[in-house]
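Notes follow once the structure below has been shown.
First listed ligand is number 1; within each ligand, the first listed atom is number 1.
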Amino acid sequence: MSALLRPLRSLLFAEHHSLTRFCSSFVSRMRYINRLKENDAACVSALQSGSILLFHRLIPLLQCSDPGTFRPIALSYSEVQSVLQRAGADGSLLKESVLIGCSEQNQVQFCLDVGELDPAAVAEECKGTFMELRKAFFLLAGAEAPLVAKAQALLRWHQINKFCGATGQLTQRNQAGSHRVCSSNSNVYYPKMSPVVIVLVSDGKRCLLGRQSSFPRGLYSALAGFCDMGETLEEALRREVAEEVGLEVQNIIYSSSQHWPFPHSSFMLACHATVSPAHSQLDIDHLELEDARWFTEEEITCALQVKAPPRRDQAPTVWLPPKHAVAHRLITEWRDQQRRSEGSD
Ligand SMILES: NC(=O)C1=CN([C@@H]2O[C@H](COP(=O)(O)OP(=O)(O)OC[C@H]3O[C@@H](n4cnc5c(N)ncnc54)[C@H](O)[C@@H]3O)[C@@H](O)[C@H]2O)C=CC1
Ligand SMILES: [Mg+2]
């Protein structure tokens with residue numbers, strides 16, 4: 001190795017080693033990932049020891065782990081190299097991998113879209129199946145649904161941001177895929193989510209759920225809406241509730257947030273809010289909602305028992321969003337709060 005290269009290699013090794021040494025606690029994991037976004041060489045090195053999730057035109061490669069449960073197949077760099085070679089592609093596609101994050105087991109995770117390969121050959125080679133995320137999301141085990149959703153969202157973002165919106169010129173990505181830069185005016189683009197407020201309104205004894213005509217039969221959910229430019233969370237929430245059901249809410253309390261991949265990367269900001277019983281008369285905007293109703297705690301408890309959507313030949317029994325959706329969390333938080341307050345009455 002030439003004298004010039006040796007210092008570079010030892011620098012990279014030290015950098016990688018120090019980065020790897022850092023990857024032992026949450027803080028150091030976060031700092032490590034941040035550095036991989038800033039240091040292309042370290043990211044290339046992390047890719048060679050990382051795990052890679054494969055997609056085919058944004059459809060994730062999964063395998064059945066338990067009956068009715070799927071998980072993403074995490075391949076090593078060399079396993080992906082041999083999949084690519086067997087599928088007749090050269091290994092250079094690997095550099096298109098996008099950094100997702102670092103697992104709690106300190107495994108750096110990447111995703112790669114092999115859209116130009118034959119999906120059947122890749123699926124057979126990896127003993128898996130490519131499954132649309134809309135279907136897979138609810139069959140993935142707990143923590144893996146957000147991981148696969150984030151990976152798909154990143155890959156989609158790169159596919160639709162190849163050109164600069166201002167100059168029309170090509171944009172170039174960094175090795176981690178955490179940003180793209182316009183090749184002519186250096187505009188920097190970062191992956192974006194659209195902020196959405198989602199709220200469970202209560203009048204003290206009941207909670208309010210609505211449904212759009214696009215929802216599956218019988219499904220009711222918390223009211224939700226995209227934030228407009230310049231709005232605060234509270235302003236968007238008040239506007240959406242006023243628009244959709246004609247109510248003015250008070251006492252907005254933040255609950256939690258969630259990346260929601262459908263249809264394209266919403267950033268769900270979930271809250272509880274109240275109206276006084278004297279001002280709970282609904283005035284539904286049927287251009288926005290097919291229906292909206294007040295539900296008692298008993299009705300919610302019944303609806304939470306409904307595990308499968310009603311069949312076409314059945315009455316449209318009310319059912320609620322599954323555990324993967326933040327609406328489910330809002331509803332169970334409200335139900336639990338009702339039980340606590342009844343218990344203390
Ligand atoms: N994770 C969960 O528990 C739930 C998630 N959601 C999601 O929340 C989102 C918003 O719910 P909706 O009631 O449909 O929203 P909404 O009440 O704002 O109505 C949708 C309208 O917002 C506009 N819009 C669409 N995309 C936009 C964007 N990126 N930025 C600004 N405006 C946009 C369009 O005019 C569209 O017709 C949807 O993506 C839905 O999938 C909805 C309920 C539960
Ligand atoms: Mg809405």
Side-chain angles (χ1 to χ4, degrees), residues 58 132-140 142-150 152-153 156-157 160-161 165 189-202 207-249 252 254-273 282-293 295 300 303-304 306 309 318-335:
L58 300 181
E132 284 286 351
L133 186 63
R134 269 200 180 277
K135 180 178 170 202
F137 191 73
F138 299 101
L139 303 175
L140 283 162
E144 292 174 330
L147 176 74
V148 175
K150 178 177 178 182
Q152 187 206 54
R156 171 187 286 114
W157 180 79
I160 59 178
N161 285 279
Y189 291 87
Y190 296 97
K192 287 265 178 304
M193 297 189 286
S194 297
V196 172
V197 293
I198 179 165
V199 56
L200 194 65
V201 181
S202 169
C207 70
L208 177 60
L209 298 175
R211 54 170 283 103
Q212 293 178 9
S213 49
S214 60
F215 282 16
R217 281 177 80 234
L219 177 65
Y220 279 77
S221 184
L223 304 185
F226 289 95
C227 301
D228 285 344
M229 181 60 80
E231 272 184 325
T232 64
L233 164 64
E234 294 79 3
E235 287 165 343
L237 189 153
R238 287 197 175 93
R239 175 183 54 73
E240 277 295 333
V241 175
E243 278 176 6
E244 296 193 348
V245 293
L247 295 181
E248 290 190 47
V249 295
I252 296 170
Y254 172 77
S255 159
S256 53
S257 62
Q258 169 182 55
H259 167 230
W260 187 246
F262 310 112
H264 299 321
S265 278
S266 300
F267 181 34
M268 306 304 298
L269 298 162
C271 296
H272 292 278
L282 300 182
D283 169 20
I284 302 168
D285 174 357
H286 286 291
L287 291 176
E288 290 262 358
L289 295 179
E290 180 185 87
D291 187 27
R293 275 195 239 166
F295 291 84
I300 290 295
L304 284 168
V306 178
V318 173
W319 59 288
L320 303 175
K323 285 191 175 53
H324 288 67
V326 72
H328 183 95
R329 175 172 170 159
L330 283 173
I331 293 165
T332 50
E333 283 175 346
W334 177 81
R335 187 255 341 244

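- Between Glu235 and Arg239 there is no salt bridge, since no side-chain nitrogen of the basic residue lies less than 4.0 Å from a carboxylate oxygen of the acidic one.
- Considering every non-hydrogen atom in both Trp157 and Tyr190, the closest pair reads CZ2-C, 3.4 Å.
- For a heavy-atom separation below 4.0 Å, the residues in contact with ligand 1 are Ser194, Val196, Ile198, Gln212, Ser221, Ala224, Gly225, Phe226, Glu240, Glu244, Gln258, Trp260, Phe262, Pro263, Ser266, Met268, Glu288, Ala325, Val326, Ala327.
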Tell me which donor-acceptor pairs under 3.5 Å the side chains of residues 208-216 have, and how far apart each pair is, sequence neighbours excluded?
unit_1: Arg211; atom_1: NE; unit_2: Glu290; atom_2: OE1; d: 2.6
unit_1: Arg211; atom_1: NH1; unit_2: Pro216; atom_2: O; d: 3.0
unit_1: Arg211; atom_1: NH1; unit_2: Leu219; atom_2: O; d: 2.8
unit_1: Arg211; atom_1: NH2; unit_2: Phe215; atom_2: O; d: 3.3
unit_1: Arg211; atom_1: NH2; unit_2: Glu290; atom_2: OE1; d: 3.4
unit_1: Gln212; atom_1: OE1; unit_2: Ser214; atom_2: OG; d: 3.4

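- Listed for the His328 side chain is no donor-acceptor partner under 3.5 Å among the backbone atoms of Leu304.
- Listing protein N, O or S atoms at distances below 2.8 Å from the Mg ion (ligand 2), with waters left out, gives Ala224 O, Glu244 OE2.
- Taking the ring-ring contact (aromatic ring centres under 6.0 Å, His included) definition, one finds that Phe262 meets it with Phe137, Trp260, sequence neighbours left out.
- Of the charged side-chain nitrogens involved, at least one lies within less than 4.0 Å of a carboxylate oxygen, so that Glu333 and Arg329 count as a salt-bridged pair.
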Residues His259, Ser265; criterion side chain to side chain donor-acceptor pair (under 3.5 Å); working and verdict: CA-CA 6 Å; His259 167 230; Ser265 278; 2.9 Å; yes
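- Under the 3.5 Å distance criterion, the side-chain polar atoms of Tyr189 are matched with a main-chain donor or acceptor of Gly165.
- Within the 3.5 Å criterion, the main-chain N or O of Glu244 finds no donor-acceptor partner in the side chain of Glu288.
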